[in-house]
Amino acid sequence: MGKDTIADTITPIRNTDMNRKGTVRILYTNITENIVKILLRNGFIESVRKYRAIDKDFLVLTLRHRRNRKGSYKTIFNLKQISGPGLRIYSNYQRIPIILGGMGVVILSTSRGIMTDREARLERIGGEILCYIW
(Lines give C-alpha, C1' and ligand atoms only; values in the text may rest on other atoms or scores of the structure.)
Protein backbone atom coordinates (compact mmCIF):
# COMPACT_ATOMS: atom_id res chain seq x y z
CA MET A 1 0.00 0.00 0.00
CA GLY A 2 1.39 3.30 -1.06
CA LYS A 3 0.39 6.90 -0.59
CA ASP A 4 -2.23 6.89 -3.34
CA THR A 5 -5.38 5.72 -1.55
CA ILE A 6 -7.54 5.84 -4.68
CA ALA A 7 -5.20 3.54 -6.59
CA ASP A 8 -4.95 1.30 -3.51
CA THR A 9 -8.74 1.02 -3.62
CA ILE A 10 -9.30 0.62 -7.35
CA THR A 11 -6.45 -1.76 -8.24
CA PRO A 12 -7.42 -4.70 -5.98
CA ILE A 13 -11.05 -4.41 -7.07
CA ARG A 14 -10.07 -4.41 -10.76
CA ASN A 15 -7.64 -7.33 -10.31
CA THR A 16 -10.18 -9.39 -8.39
CA ASP A 17 -12.81 -8.73 -11.02
CA MET A 18 -10.46 -9.75 -13.86
CA ASN A 19 -9.51 -12.96 -12.04
CA ARG A 20 -13.21 -13.74 -11.47
CA LYS A 21 -12.87 -14.00 -7.71
CA GLY A 22 -15.84 -13.33 -5.49
CA THR A 23 -14.42 -11.19 -2.69
CA VAL A 24 -11.70 -8.62 -2.20
CA ARG A 25 -10.24 -7.09 0.96
CA ILE A 26 -9.13 -3.47 0.97
CA LEU A 27 -7.79 -1.21 3.69
CA TYR A 28 -10.38 1.03 5.33
CA THR A 29 -10.12 4.82 5.03
CA ASN A 30 -12.82 7.49 4.80
CA ILE A 31 -12.16 7.94 1.06
CA THR A 32 -12.32 4.19 0.51
CA GLU A 33 -15.58 3.97 2.41
CA ASN A 34 -17.17 6.72 0.30
CA ILE A 35 -16.02 5.17 -3.00
CA VAL A 36 -17.33 1.76 -1.92
CA LYS A 37 -20.70 3.31 -0.96
CA ILE A 38 -20.98 4.74 -4.47
CA LEU A 39 -20.12 1.36 -6.01
CA LEU A 40 -22.73 -0.32 -3.81
CA ARG A 41 -25.39 2.29 -4.57
CA ASN A 42 -24.86 1.93 -8.33
CA GLY A 43 -24.98 -1.87 -8.22
CA PHE A 44 -21.36 -2.65 -9.09
CA ILE A 45 -20.82 -4.65 -5.90
CA GLU A 46 -23.25 -6.85 -3.95
CA SER A 47 -22.27 -6.34 -0.33
CA VAL A 48 -19.72 -4.75 2.00
CA ARG A 49 -18.67 -5.69 5.49
CA LYS A 50 -16.14 -4.12 7.78
CA TYR A 51 -13.83 -6.05 10.07
CA ARG A 52 -10.80 -5.39 12.22
CA ALA A 53 -7.60 -7.44 12.10
CA ILE A 54 -4.48 -6.62 14.14
CA ASP A 55 -4.97 -2.87 14.67
CA LYS A 56 -6.23 -2.23 11.11
CA ASP A 57 -9.73 -1.98 9.70
CA PHE A 58 -10.58 -3.65 6.39
CA LEU A 59 -13.54 -3.68 4.05
CA VAL A 60 -14.50 -6.98 2.44
CA LEU A 61 -16.37 -6.46 -0.82
CA THR A 62 -18.43 -9.10 -2.60
CA LEU A 63 -18.28 -8.35 -6.31
CA ARG A 64 -21.19 -8.83 -8.68
CA HIS A 65 -20.54 -10.99 -11.74
CA ARG A 66 -22.65 -11.64 -14.78
CA ARG A 67 -23.13 -15.21 -15.96
CA ASN A 68 -23.11 -15.90 -19.70
CA ARG A 69 -25.34 -18.52 -21.30
CA LYS A 70 -22.43 -20.96 -21.44
CA GLY A 71 -21.96 -20.69 -17.68
CA SER A 72 -18.73 -18.69 -17.66
CA TYR A 73 -18.36 -15.49 -15.68
CA LYS A 74 -17.86 -12.15 -17.39
CA THR A 75 -16.48 -9.08 -15.68
CA ILE A 76 -19.20 -6.58 -15.04
CA PHE A 77 -17.32 -3.31 -14.78
CA ASN A 78 -14.16 -1.45 -15.66
CA LEU A 79 -12.38 1.03 -13.40
CA LYS A 80 -9.95 3.69 -14.55
CA GLN A 81 -8.15 6.12 -12.27
CA ILE A 82 -7.97 9.65 -13.66
CA SER A 83 -6.46 11.87 -10.99
CA GLY A 84 -3.31 10.85 -9.17
CA PRO A 85 -0.78 12.32 -6.78
CA GLY A 86 1.39 13.52 -9.66
CA LEU A 87 -1.37 15.05 -11.75
CA ARG A 88 -4.67 16.29 -10.39
CA ILE A 89 -7.53 16.69 -12.88
CA TYR A 90 -10.25 19.19 -11.95
CA SER A 91 -13.50 20.03 -13.69
CA ASN A 92 -16.39 22.40 -13.17
CA TYR A 93 -19.88 20.93 -13.21
CA GLN A 94 -20.51 21.87 -16.85
CA ARG A 95 -17.45 20.02 -18.15
CA ILE A 96 -17.72 16.78 -16.17
CA PRO A 97 -17.33 14.00 -18.77
CA ILE A 98 -20.23 11.73 -19.62
CA ILE A 99 -19.13 8.08 -19.79
CA LEU A 100 -20.85 5.79 -22.34
CA GLY A 101 -23.67 8.24 -22.90
CA GLY A 102 -24.58 8.30 -19.22
CA MET A 103 -24.26 4.54 -18.58
CA GLY A 104 -20.92 4.97 -16.79
CA VAL A 105 -20.19 6.77 -13.54
CA VAL A 106 -17.61 9.46 -12.81
CA ILE A 107 -16.55 9.71 -9.16
CA LEU A 108 -15.56 13.21 -8.04
CA SER A 109 -14.12 14.66 -4.87
CA THR A 110 -15.94 17.92 -4.26
CA SER A 111 -16.15 20.45 -1.46
CA ARG A 112 -19.26 18.59 -0.24
CA GLY A 113 -17.64 15.15 -0.23
CA ILE A 114 -17.14 12.35 -2.72
CA MET A 115 -20.05 12.01 -5.15
CA THR A 116 -21.00 10.85 -8.62
CA ASP A 117 -21.18 13.02 -11.72
CA ARG A 118 -24.98 13.09 -11.64
CA GLU A 119 -25.08 14.34 -8.06
CA ALA A 120 -22.43 16.99 -8.81
CA ARG A 121 -24.37 18.27 -11.81
CA LEU A 122 -27.57 18.48 -9.75
CA GLU A 123 -25.81 20.44 -7.01
CA ARG A 124 -23.91 22.50 -9.61
CA ILE A 125 -20.46 21.93 -8.13
CA GLY A 126 -17.26 20.67 -9.68
CA GLY A 127 -14.21 19.06 -8.22
CA GLU A 128 -11.36 16.62 -8.72
CA ILE A 129 -12.16 13.70 -11.03
CA LEU A 130 -11.04 10.56 -9.19
CA CYS A 131 -12.07 7.70 -11.48
CA TYR A 132 -14.39 6.39 -14.19
CA ILE A 133 -16.53 3.27 -13.83
CA TRP A 134 -18.31 1.65 -16.73
Side-chain angles (χ1 to χ4, degrees):
M1 296 286 163
K3 300 210 184 236
D4 189 7
T5 56
I6 296 151
D8 292 342
T9 302
I10 291 174
T11 303
I13 295 171
R14 186 180 336 126
N15 290 342
T16 303
D17 189 46
M18 285 191 306
N19 290 329
R20 298 182 176 105
K21 304 290 182 194
T23 60
V24 60
R25 185 181 81 164
I26 56 175
L27 194 61
Y28 174 84
T29 62
N30 289 335
I31 295 172
T32 302
E33 181 185 23
N34 291 328
I35 290 173
V36 167
K37 282 181 183 177
I38 290 173
L39 291 174
L40 186 65
R41 220 176 24 227
N42 288 304
F44 291 111
I45 58 177
E46 286 183 14
S47 65
V48 179
R49 54 186 175 97
K50 183 179 173 182
Y51 80 96
R52 187 173 181 85
I54 310 172
D55 298 334
K56 289 189 180 180
D57 290 332
F58 292 97
L59 292 174
V60 177
L61 312 176
T62 304
L63 300 181
R64 179 168 294 185
H65 290 282
R66 183 174 40 192
R67 191 179 278 273
N68 289 342
R69 292 182 186 182
K70 298 176 184 174
S72 63
Y73 284 103
K74 184 176 181 184
T75 58
I76 194 154
F77 63 96
N78 294 316
L79 292 160
K80 181 178 181 186
Q81 181 181 4
I82 303 303
S83 216
L87 179 64
R88 307 281 186 188
I89 307 294
Y90 295 96
S91 176
N92 63 7
Y93 76 94
Q94 297 164 334
R95 296 183 190 256
I96 297 172
I98 298 172
I99 306 300
L100 289 178
M103 300 274 296
V105 176
V106 178
I107 297 179
L108 295 122
S109 176
T110 66
S111 59
R112 296 185 191 159
I114 295 178
M115 60 179 63
T116 64
D117 56 338
R118 292 176 193 98
E119 296 166 349
R121 283 190 198 99
L122 286 175
E123 294 192 22
R124 299 179 145 240
I125 55 174
E128 180 184 356
I129 300 175
L130 300 178
C131 62
Y132 296 158
I133 308 164
W134 71 94

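Any value given below was found using the heavy atoms of this structure, including those in side chains, with hydrogens, waters and symmetry copies removed.
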Non-hydrogen atoms of P12 and A7 that approach each other most closely: CD-O, 4.0 Å
E119 and its salt bridge (charged side-chain N to carboxylate O under 4.0 Å, His left out) partner, picked from R124, R41, K37, R112: R41
Side chain to side chain contact (heavy atoms under 4.5 Å, CB included) between D4 and Q81: does it pass, once the steps are laid out? CA-CA 11 Å; D4 189 7; Q81 181 181 4; 3.0 Å; yes
Report whether I82 and V106 are members of the same hydrophobic cluster (ILVMFWY, side-chain heavy atoms less than 4.5 Å apart, transitive linking). yes
Closest heavy-atom pair, I10 versus C131, reported as atoms and distance to 0.1 Å, is CD1-CB, 3.5 Å
Same cluster (ILVMFWY, side-chain, under 4.5 Å), Y93 and Y90: no
Quick check: does any side chain N or O of R121 sit under 3.5 Å from a backbone N or O of I96, one acting as donor and the other as acceptor? yes
Closer than 3.5 angstrom, by distance alone: can the side chain of R118 be matched with the main-chain N or O of V105 as a donor-acceptor pair? no
Beyond-backbone contact of L108 with D117, side-chain heavy atoms, under 4.5 angstrom: yes
Between atom CG of N92 and atom CD1 of I125, what is the distance when rounded to the nearest 0.5 Å? 12.0 Å
Report all side-chain donor-acceptor pairs from residues 48-55 shorter than 3.5 Å, counting only partners two or more places apart or in another chain.
unit_1 : atom_1 : unit_2 : atom_2 : d
Y51    : OH     : R25    : NH1    : 3.0
R52    : NH1    : D57    : OD1    : 3.1

Rounding to 0.5 Å, atoms CD1 (I107) and CD1 (I129) come to a distance of 12.0 Å
Is there a donor-acceptor pair under 3.5 Å between the side chain of T9 and the backbone N or O of T5? yes
Please give me the minimum heavy-atom distance between T29 and T32, naming the atom from each residue. OG1-OG1, 2.7 Å
Approximate separation, where rounding is to 0.5 Å, of I26 CD1 and L61 CG: 4.5 Å
Atom pair CG/CH2 of L100 and W134 - distance to nearest 0.5 Å: 7.5 Å
Do L130 and M115 sit in one hydrophobic cluster, given that two such residues count as connected whenever their side-chain heavy atoms are within less than 4.5 Å of each other, even indirectly? no
Please tell me whether L79 and V36 are part of a single hydrophobic cluster in this structure, the criterion being side-chain heavy atoms less than 4.5 Å apart. yes
Drop me the distance from R14's CZ to L63's CG, to the nearest 0.5 angstrom. 13.0 Å
Hydrophobic clustering (ILVMFWY, side-chain heavy atoms < 4.5 Å, transitive) - are I133 and V24 grouped together? yes
Inter-residue atom distance N30.CG - I114.CD1, 0.5 Å rounding: 9.0 Å
Who pairs with T62 by side-chain contact (heavy atoms from CB on, under 4.5 Å), at least two apart in sequence or on another chain? T23, E46, S47
With sequence neighbours left out, what residues match S83 under side-chain contact (heavy atoms from CB on, under 4.5 Å)? R88, I89, E128
